[in-house]
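Written below as structure tokens is the structure these notes are about.
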Amino acid sequence: MSENSQENQEQKINFNSKNNKHYKYRNKKKKNIQNSENSNVSTQNNQEEKKKKRKNLPSKLSGNEDWQIALAECIEANRISHENRLNPLKYNNSSEHKIRITPLGGLGEIGGNITIFETNNEAIIVDIGMSFPDGTMHGVDIIIPDFSYVRKIKDKIKAIIITHAHEDHIGAVPYFFKEFQFPIYATPLALGMISNKFEEHGLKSERKWFRPVEKRKIYEIGEFDIEWIHITHSIIDASALAIKTKAGTIIHTGDFKIDQTPIDGYPSDLGRLAQYGENGVLCLLSDSTNSYKEGYTKSESSVGPTFDQIFSKTKGRVIMSTFSSNIHRVYQAITYGLKYGRKVCVIGRSMERNLYTTMELGYIKLDRKIFIDADEVNKYKDNEVLIVTTGSQGETMSALYRMATDEHKFIKIKPSDQIIISAKAIPGNEANVSAVLDYLLKAGAKVAYQEFSEIHVSGHASIEEQKLMLTLIKPKFFLPVHGEYNHITKHKETAMKCGVPERNIYLMSDGDQVEICQKYIKRVKTVKTGKVFVDNQINKQIADDVVIDRQNLADNGIVVIIAQLDKASKTLVNKPRVFSYGLVADRQDHAFSKEMAEVLAQFFSNVKDEVLNDPRFLENQIRQVLRKHIFRKIKKYPTIVPTIFVM
């Protein structure tokens with residue numbers, strides 16, 4: 001081979017670059033081979049080594065050992081790169097620093113979100129939300145978390161951290177502040193809405209604890225460094241949280257969806273989330289609400305064309321009801337109302353308060369001249385009026401409910417009205433929403449609801465968005481949150497598909513205290529949790545036993561017995577008076593009273609004298625006898641209230 005051809009061959013092998021690491025590697029290898037030859041190492045052994053290196057390479061490349069070595073190195077380097085990229089904390093296994101995460105609400109349920117992040121010395125609370133009662137909680141308007149564990153660690157707590165301003169994340173804050181006071185860090189809209197609540201509860205002076213935050217700015221709060229990261233949801237100015245601790249970085253998504261075309265033009269800050277993912281995230285807590293929903297959640301802006309279609313065809317009034325906090329939905333309705341020349345009447349205390357707060361803070365811009373009061377509605381033609389109101393959940397005290405039942409002072413439902421209920425029923429509220437729908441339809445109005453009109457989109461991430469969050473964050477450990485147990489179980493399956501090992505995922509329940517460090521995740525104990533029932537009309541707590549008694553009365557009824565007993569003869573004096581409610585029909589009252597008198601007479605004829613000398617014990621014995629008899633006959637355990645006069 002000539003000198004020139006040898007030089008060309010060497011350049012070709014070395015990818016035309018003498019600075020390439022493969023070039024240096026091969027030159028070094030050539031020297032080693034020469035040294036080996038000088039040391040009388042056989043050529044056959046060298047060939048065997050080359051064969052081993054070629055073993056796992058594609059057959060087409062087997063003709064050139066230098067290419068094979070270069071490609072093998074490249075493939076291995078890429079594999080390591082992928083491994084490091086997808087598992088940045090894989091080899092971090094220190095257990096020196098630990099953090100504990102304790103949900104006191106929001107798991108096994110929809111709503112009532114509150115979570116404590118705790119080191120050995122300090123703690124923060126993320127969100128303090130409320131939830132709605134189900135049909136068995138008679139006289140209960142809202143439910144707030146039990147703060148027993150907060151009382152135990154109150155000296156460690158440095159701040160309250162708010163992700164966004166939905167009721168299930170801030171609704172219990174005023175009740176919390178009646179007992180505890182800590183700085184509240186939140187975006188301006190969340191603080192504005194909490195301020196409204198404080199005013200309603202007589203807590204104006206507590207606004208001194210407000211700490212407004214800027215997004216993409218890190219706040220040092222005790223042993224925690226916290227950054228609010230913009231995320232899209234069904235409320236303005238929602239945030240995910242990056243919580244930095246000595247143990248590692250924790251990302252809490254809050255409630256979110258990935259809306260690429262939001263109304264305000266501010267999509268989720270995925271770039272910032274990805275930065276944290278690249279640097280390594282110890283644990284991800286992520287919204288599980290829509291974990292069964294395939295694909296992507298539609299953009300909030302997709303509701304607009306449906307509104308446009310409804311407004312363009314409606315000749316009468318349009319009455320739109322949605323969550324009072326869903327300001328972008330309200331804003332869209334108002335925008336299309338104005339397009340078709342309608343004045344806007346906002347009815348409902350929370351709706352007015354939230355809309356005007358949002359306008360005052362500059363999140364949306366609307367001319368105040370477009371608004372009219374409820375008592376002015378009848379001064380305008382029906383096709384010139386848009387009414388925006390509360391009551392999308394069928395609340396009995398809401399404006400829409402009072403309109404539907406003809407109890408509103410100014411607004412009566414007309415057959416020409418077009419009603420838009422732009423919300424999904426919260427689990428437990430389905431019956432209430434159905435009742436309102438029935439009232440509206442009986443009044444002759446047209447009703448557009450989610451089952452047959454595309455007038456509502458969810459604010460929560462569907463499966464593909466959950467996958468995107470998982471692949472951006474690439475957490476070492478994963479805690480699915482916000483939802484019932486079946487929701488977080490499904491979210492776990494999605495996480496495993498995205499590469500999170502099953503052993504690194506824990507499904508929490510309220511009260512589970514999970515300890516996390518670089519080495520492990522485990523539940524260390526269970527703390528006391530529960531629910532506190534509130535009568536919203538008086539803003540006061542209802543005792544648990546009161547609610548239980550109401551449930552029992554509703555399920556089993558009550559029996560009241562008043563009787564006189566001749567102690568000497570152990571016989572009844574006159575006929576006992578028996579009253580029953582919720583147990584037998586009115587027409588059966590006489591027969592039931594007679595039957596109860598016979599049971600009492602039989603009991604007294606056999607009663608021991610010492611029982612008659614203890615009135616409280618006597619009443620308990622009567623309750624047991626009557627309850628057993630009634631259960632045998634009716635299969636109910638009513639509340640028995642005996643009053644016995646022993647003569």
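This chain uses plain numbering: 1 for the first residue, then up along the sequence.
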Evaluation steps, salt bridge (charged side-chain N to carboxylate O under 4.0 Å, His left out), between Lys339 and Asp308: CA-CA 9 Å; Lys339 177 181 177 181; Asp308 194 4; 3.1 Å; yes
Atom of [X], atom of [Y] and distance for their closest heavy-atom approach:
X	Y	answer
Gly337	Leu386	CA-CD2, 4.2 Å
Gly348	Thr390	CA-OG1, 3.9 Å
Asn552	Tyr637	OD1-O, 3.9 Å
Tyr363	Pro188	OH-CB, 3.5 Å
His252	Phe117	CD2-CZ, 4.0 Å
Asp382	Ser416	OD2-OG, 3.6 Å

For the backbone of [Y] and the side chain of [X], can you confirm whether one donor and one acceptor N or O come within less than 3.5 Å of each other?
X	Y	result
Ser422	Ile455	yes
Glu465	Thr297	yes
Asp127	Gly129	no
Ser392	Ile421	no
Arg342	Val385	yes
Ser434	Glu430	no
Arg402	Glu407	no
Asp510	Leu107	yes
Trp228	Ala238	no
Ser148	Lys528	no

Are any non-hydrogen side-chain atoms of [X] and [Y] less than 4.5 angstrom apart?
X	Y	result
Tyr331	Ile263	yes
Gln332	Val303	yes
Arg317	Gln418	no
Ile160	Phe177	yes
Ile488	Val481	no
Ile226	Ile161	yes
Tyr292	Asn486	yes
Ile420	Ile319	no

Are [X] and [Y] close enough for a salt bridge, meaning some N to O gap below 4.0 Å?
X	Y	answer
Asp406	Lys412	yes
Lys531	Glu109	yes
Lys154	Glu179	no
Lys446	Asp417	no

Starting from the C-alpha separation in whole Å, work towards a yes-or-no answer on salt bridge (charged side-chain N to carboxylate O under 4.0 Å, His left out) for Asp237 and Lys215. CA-CA 10 Å; Asp237 221 5; Lys215 295 187 178 180; 2.9 Å; yes
Does [X] have more than 12 heavy atoms from other residues, nucleotides or ligands lying within 6.0 Å of its [atom1]?
X	atom1	answer
Tyr340	OH	yes
Arg211	CZ	yes
Lys298	NZ	no
Arg577	CZ	no

Separation between [atom1] of [X] and [atom2] of [Y], rounded to the nearest 0.5 Å:
X	Y	atom1	atom2	value
Ser325	His328	OG	NE2	12.0 Å
Ile125	Ile116	CD1	CD1	5.0 Å
Phe132	Asp168	CZ	CG	8.5 Å
Leu400	Leu440	CG	CG	5.0 Å
Met359	Leu355	CE	CG	6.0 Å
Ser350	Glu167	OG	CD	7.5 Å

Distance-only donor-acceptor check, side chains [X] and [Y], under 3.5 Å:
X	Y	answer
Thr261	Ser299	yes
Ser324	Asn354	yes
Thr253	Asp287	no
Asn196	Thr357	yes
Ser458	Asn290	yes
Ser288	His491	yes
Asn326	Ser234	no
Thr232	Ser268	yes
Asn383	Thr314	no

Would you call the rings of Phe176 and Phe182 parallel, tilted or perpendicular, taking 30° and 60° as the class edges? tilted
With sequence neighbours excluded, tell me which residues meet ring-ring contact (aromatic ring centres under 6.0 Å, His included) with His460. His233
Does Arg368 count as lying over the ring of Tyr356, i.e. NZ or CZ under 6.0 Å from the six-ring centre, within 45 degrees of the axis? yes
So, do His456 and Tyr449 have ring centers that fall under 6.0 Å from each other? no
With a 6.0 Å cut-off on ring centres, are Phe198 and Phe210 close enough? yes
Just to verify, what does Arg353 make a side chain to side chain donor-acceptor pair (under 3.5 Å) with, not counting sequence neighbours? Glu200
So if I apply the side-chain contact (heavy atoms from CB on, under 4.5 Å) rule between Ile128 and each of Leu104, Val173, Ile144, which one comes out positive? Val173
Using the ring-ring contact (aromatic ring centres under 6.0 Å, His included) definition, which of the options His169, His166, His164 pairs with His482? His169
Please evaluate residues Val559 and Val578 with respect to the criterion side-chain contact (heavy atoms from CB on, under 4.5 Å), reporting the C-alpha separation (whole Å), side-chain torsions for both, the decisive distance (0.1 Å), and the verdict. CA-CA 7 Å; Val559 176; Val578 180; 4.2 Å; yes
